[in-house]
Amino acid sequence: MAFSQYFEHHEVESEIYRRWDKSGAFQPSQDTGKAPFTISMPPPNATGTLHLGHAIGMTVEDLMIRWKRMQGHPALWVPGTDHAAIATESVVIRNLQSEGMDDPRHQLGREELVARIAAFTEDSRSTIRSQIRALGASCDWTRERYTMEPALNRVVNSVFSRMFRDGLIYRAPRIVNWDPHLRTTVSDDEIYYSDREAKFYTLRYGPFLVGTSRPETKLGDTAVAVHPEDERYREHIGKTYEVPWPKGPTITVKVVADEHVDPEYGTGALGVTPAHSHADFEIAQKHNLPLIQVIGEDGRMTEAAGPYAGKEVEEAREAFVADLEAAGLMEKIESYAQPVSLCYRSKLPIEPLPKNQWFIDVNKPAVQWEGRNMTLKQVMYEVVDSGKIRLLPEHEVKTYNHWIENLRDWCISRQIWWGHRVPVWYRGNAVSEDNIEAAEEMYVGHRRPDGEGWVQDPDTLDTWFSSALWTFSTLLDSEKALDDDLDLDEIIARSPDFERFHPTSVMETGYDILFFWVARMILMTTYTVKDIPFSTVYLHGLVLDKDGEKMSKSKPETSIDPLEVIEEYGADALRLSLVLGNSAGSDLKLGQERIVACKRLLNKIWNAAKLVEMSSEGKKRLELTPASVVHPLNRWMLTRRNVLLERINRRMEAFAFGDAAEQIRSAFWGEFCDFYLEAIKVDEVAESPETASVLSNVLDDFLKLLHPFLPFLTEQVWSNLGREGLLISADWPEPDESLSWKDESEGVDAVSRAVAAVRSLRAEQNIDPGAYVNVRLQPRRHAEVFETCRPILERLMRTEELVISESEEETKGSLAVDEAFRAALTLSAADLQAERERFEKQLEGAQKRLASLESRLKNEGFLNNAPKETIESTRQSAQKTKSTIQDI
RNA sequence: GGGCGGUUAGCUCAGUUGGUUAGAGCGUCUGCUUGACGUGCAGAAGGUCAGAGGUUCGAAUCCUCUACCGCCCACCA
């Protein structure tokens, strides 16, 4: 097949992907004697399309998988999608509403709405599948999973009931984060804080002045808390006061002493609202205080709010404040920035309120881990602290530990319909979905219990509950999982994929979901399978626009859609732009220029390969042995190849993929293209079968090294060159020390420097680049190499006459000095003034350097403390510098 | 308030365990287009490594403080 003028990604990408898929390369190889390498793909939400965050993740995962696969490890990358409970349900509801349905939940009912959402996710999933393919992800589609599939539902139910049995899941009334808009609870991690302009009210409150930004909640106060040491209030502690509000109701507040209160803040007296504040709830628990709920789940005041009942919160606040002012109870009103908790999804304020919900107890010592009885928190901490799980970048360990310290029981029940239903059934005369509190019997298990009259809990589980099982649930055998007669341990024991591929090797995901997901996988997996879910966590950074801002659709000029980039530049250019120079944990500023620069590398590779094909056409490929490679240039190229391979392997092992890509790019462009390919254009070198073999060999290795980063292009080049098999299944190159020539390689380096030196002289003398010049070269080392490379020097220096002689003959003209040679450009009309200036500058630099080196060598501290090699190399450089100065 | 990260060339970033003259890409300047190159090549300019102090024979690198930027967590008194 011939090389077209440039790489036409449109025409080949999907075809190449099909070839890979058909070849079976995406499936892990049979036992090769090497350890399996496994990645669980973080399942994209089944809501829509992939964004750049997905693209960077897929790219990093794919390059790891391709690299390990080429190294001969059985490599498995399990793809899948997440049902994304709240996200999906709200998208579908919004769609229905925009089609004119006012209240889809009401109008459709549970069953029908769930069916619609399920249909929607099927569409989304198929879109997402094709986008994952477009990125070139070499995942195993025969093992694709979905968090809502029946087998995974079974696992969810079994894990739930086991945790319930162990007392790690409980149902209790607690203050939860209630989103009045979505009408569901959300977890602590699904809220964020934002300051908003608000009023801070100080109001009379029995014998106290109390500050608040939410006066309406004061209707539900049951205590005033003061610091135990606070002299101002000491006499009140333990007393109870009736506080009648102007228009009712009257509340009864007890004065309690609590360390939690900061006497410096506000008036030092804190009105305690147990029903509508997490902190106050804790105080109330400590002091055994009653709880009055004045705000309902609909976001309106309850009956307990007396005359304000039925009003929206904001409305009630205004009315209450007016009433207090009228009654002279409002001491002062100030402006301040109030931190408000908002829901990640709806971006609307969260209302903390009391609710009977399902929780995971993170502080109960009921987990067996390595023979010890621990809490979930302790296990989460232990596996990272002990190094069983390594986080990259490492500093995320601190963030992770800090999160665990502050972790509270995880609220896992949601009042939405799309998701895994809480696997609990109730029975009793008055029981209905709307009133499970009336239950007389409760059953927790992986399926509906036998018998009549059981009503299932109406709530669904937090979407992260099922994703937390992802690394192992996706490796369980589906048929076994659906066998009701097997328990969870039996399912696990009879799943060959689990046996072979779990724990997984690397979890690759964004640092922004370290808590949401990574921590919870660690929690759930250690508990359920008594093993870690993965041994390394690679956290990629965020993809920002070129100005370092988050991309948003409201700024289309900086927002980049991965699918458009693939369309315009190809998947490879996108992939490279997302990893080149990037490392774990660092954000990436992505602009159009970056993508264009990456595209240029693709073009360069394409053309270099085209040249190699042209020049090696019809030539026999020799086996490379120390005896068959004799030309110093070829020996240099193979030596450089070893250096590169060694370096790249080290970087890849260290997860420094961006750095590895950069190194390959630089070696390919600078050494292979700019020097080697140019140098061998000399006929006698180019014509030798030896060169053709080295050329092909080294290009092949570059293609292999580049393949994990640029899979499509390299595969196409591989095929164009008529190489055997598919590159995706080729062997990863390893250094071959028998093909390494240190001395000759240094000689060729000197040749390369001599070329650069002469070119530099030419430029300084303003010599027409097309003109041929006379050069006199005096090698001081590597004379043989210089002589052998004569035709190369002639070509690259563009000489009329090249004299290579070791004799110290004076040469008039422009001179360059190097430790390995002197090169002189003989000129008819040299610009002597410029020459003198240049030499003076050079001399000055060399002398300065020599002075610094010599002072170091005279320094006793240096001689005594520095390592031998350092001293030796310093001494050598001093020698070289000295001789250079003499030359000048 | 607690914590984490960052500050190196005009821009984006590298800089391994402290060790010769701090690197790359993009951009800029000069020139060329030489057997593959939607361009490419050759050459060049450009940095008191945020600031101050310290440790050391030696600091961009280690320590302390300061300044600025970003992020996470807590905070609805």
Side-chain angles (χ1 to χ4, degrees), chain A residues 3 5-6 193 196 198 200 202 210-214 217 225 261-262 265-271 273 276-280 338-341 349-350 352 393 395-396 398-399 402-403 405-406 511-512 514-515 542 546 548 580-583 585-589 591 593-594 596-600 603-615 650-651 654 656 658-659 662 665-666 670 673-674 677-678 681 686 755-756 759-764 766 768-770 795 798 845-846 848-849 852-853 855-856 859-867 869-871 873-874 876-878 880-881:
Chain A
F3 279 95
Q5 204 192 338
Y6 53 94
Y193 294 91
R196 78 172 169 198
F200 188 77
T202 304
V210 158
T212 182
S213 58
R214 299 197 58 189
T217 65
V261 180
D262 176 2
Y265 196 98
T267 62
L270 162 66
T273 318
H276 299 290
S277 151
H278 283 105
D280 291 7
Q338 179 199 15
V340 193
S341 58
I350 288 294
H395 68 78
E396 290 291 348
K398 286 184 183 171
T399 318
H402 185 251
W403 178 80
E405 277 167 38
N406 293 310
Y511 66 69
D512 51 335
L514 177 62
F515 308 143
L542 305 175
K546 64 175 169 51
L580 190 69
N582 193 239
S583 59
S586 43
D587 293 346
L588 180 80
K589 288 178 197 165
E593 308 80 29
R594 198 179 153 86
V596 170
C598 289
K599 178 72 186 178
R600 281 195 198 143
N603 188 50
K604 188 77 181 174
I605 297 165
W606 185 256
N607 281 291
K610 197 194 292 183
L611 178 66
V612 171
E613 195 213 24
M614 280 160 48
S615 69
R650 217 170 43 226
R651 315 256 153 153
D659 198 16
E662 178 58 44
R665 191 201 64 79
S666 149
C673 293
D674 289 348
L677 288 185
E678 288 307 317
K681 282 178 182 172
V755 169
R759 282 172 171 170
S760 182
L761 294 176
R762 294 178 61 122
E764 271 163 36
N766 284 323
D768 174 9
R795 182 188 150 80
R798 215 170 168 82
K848 219 163 137 189
R849 182 154 171 257
S852 129
L853 290 169
S855 80
R856 193 173 310 162
N859 187 321
E860 277 190 38
F862 177 69
L863 295 173
N864 295 337
N865 298 322
E869 306 86 71
T870 310
I871 297 175
S873 74
T874 309
Q876 277 173 17
S877 337
K880 282 181 196 167
T881 312

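Letters go in sequence order (proteins before strands), and every chain restarts at 1.
Counting only Watson-Crick and G-U wobble pairs whose two distances sit under 3.5 Å, RNA chain B takes part in these stems of three or more pairs: B:1-7 with B:67-73, B:10-13 with B:23-26, B:28-32 with B:40-44, B:50-54 with B:62-66.
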Where protein sits on nucleotides 13-24 of chain B, one letter per nucleotide: B base, S sugar-phosphate only, - none, heavy atoms under 4.0 Å: S-----BBB--S

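Atom CG of Leu677(A) is separated from atom C1' of U34(B) by 15 Å (rounded to the nearest Å). Note: CD (Glu613(A)) to P (C37(B)) measures 14 Å, nearest angstrom. The separation between Leu580(A) atom CG and G25(B) atom P is 11 Å, rounded to whole Å. Atom CG of Asn607(A) is separated from atom P of C37(B) by 6 Å (rounded to the nearest Å). Distance, Arg762(A) CZ to G31(B) C1': 12 Å, rounded to whole Å. Computed from coordinates, the Met614(A) CE to A36(B) C1' distance equals 6 Å when rounded to whole Å.
With sequence neighbours excluded, no residue satisfies ring pair (Phe, Tyr, Trp, His ring centres under 6.0 Å) with Tyr193(A). Annotation: salt bridge (Lys or Arg N to Asp or Glu O under 4.0 Å) contacts of Arg651(A) (sequence neighbours excluded): Asp659(A).
Using a 4.0 Å heavy-atom criterion, one finds that Val612(A) contacts no nucleic acid atom at all.
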Shorter than 3.5 Å, N or O on both sides, protein versus nucleotides 40-42 of chain B: list them out with atom names.
{"from": "G40(B)", "atom 1": "O3'", "to": "Lys604(A)", "atom 2": "NZ", "distance (Å)": "3.0"}
{"from": "C41(B)", "atom 1": "OP1", "to": "Lys604(A)", "atom 2": "NZ", "distance (Å)": "3.4"}
{"from": "C41(B)", "atom 1": "OP1", "to": "Trp669(A)", "atom 2": "NE1", "distance (Å)": "2.4"}
{"from": "C41(B)", "atom 1": "OP1", "to": "Asp674(A)", "atom 2": "OD1", "distance (Å)": "2.9"}
{"from": "C41(B)", "atom 1": "OP1", "to": "Asp674(A)", "atom 2": "OD2", "distance (Å)": "3.3"}

Please enumerate all protein N or O atoms sitting under 3.5 Å from an N or O of nucleotides 2-9 of chain B, with distances to 0.1 Å.
{"from": "C4(B)", "atom 1": "O2'", "to": "His395(A)", "atom 2": "ND1", "distance (Å)": "3.1"}

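Here, G53(B) and U30(B) have their P atoms 42 Å apart, quoted to the whole Å.
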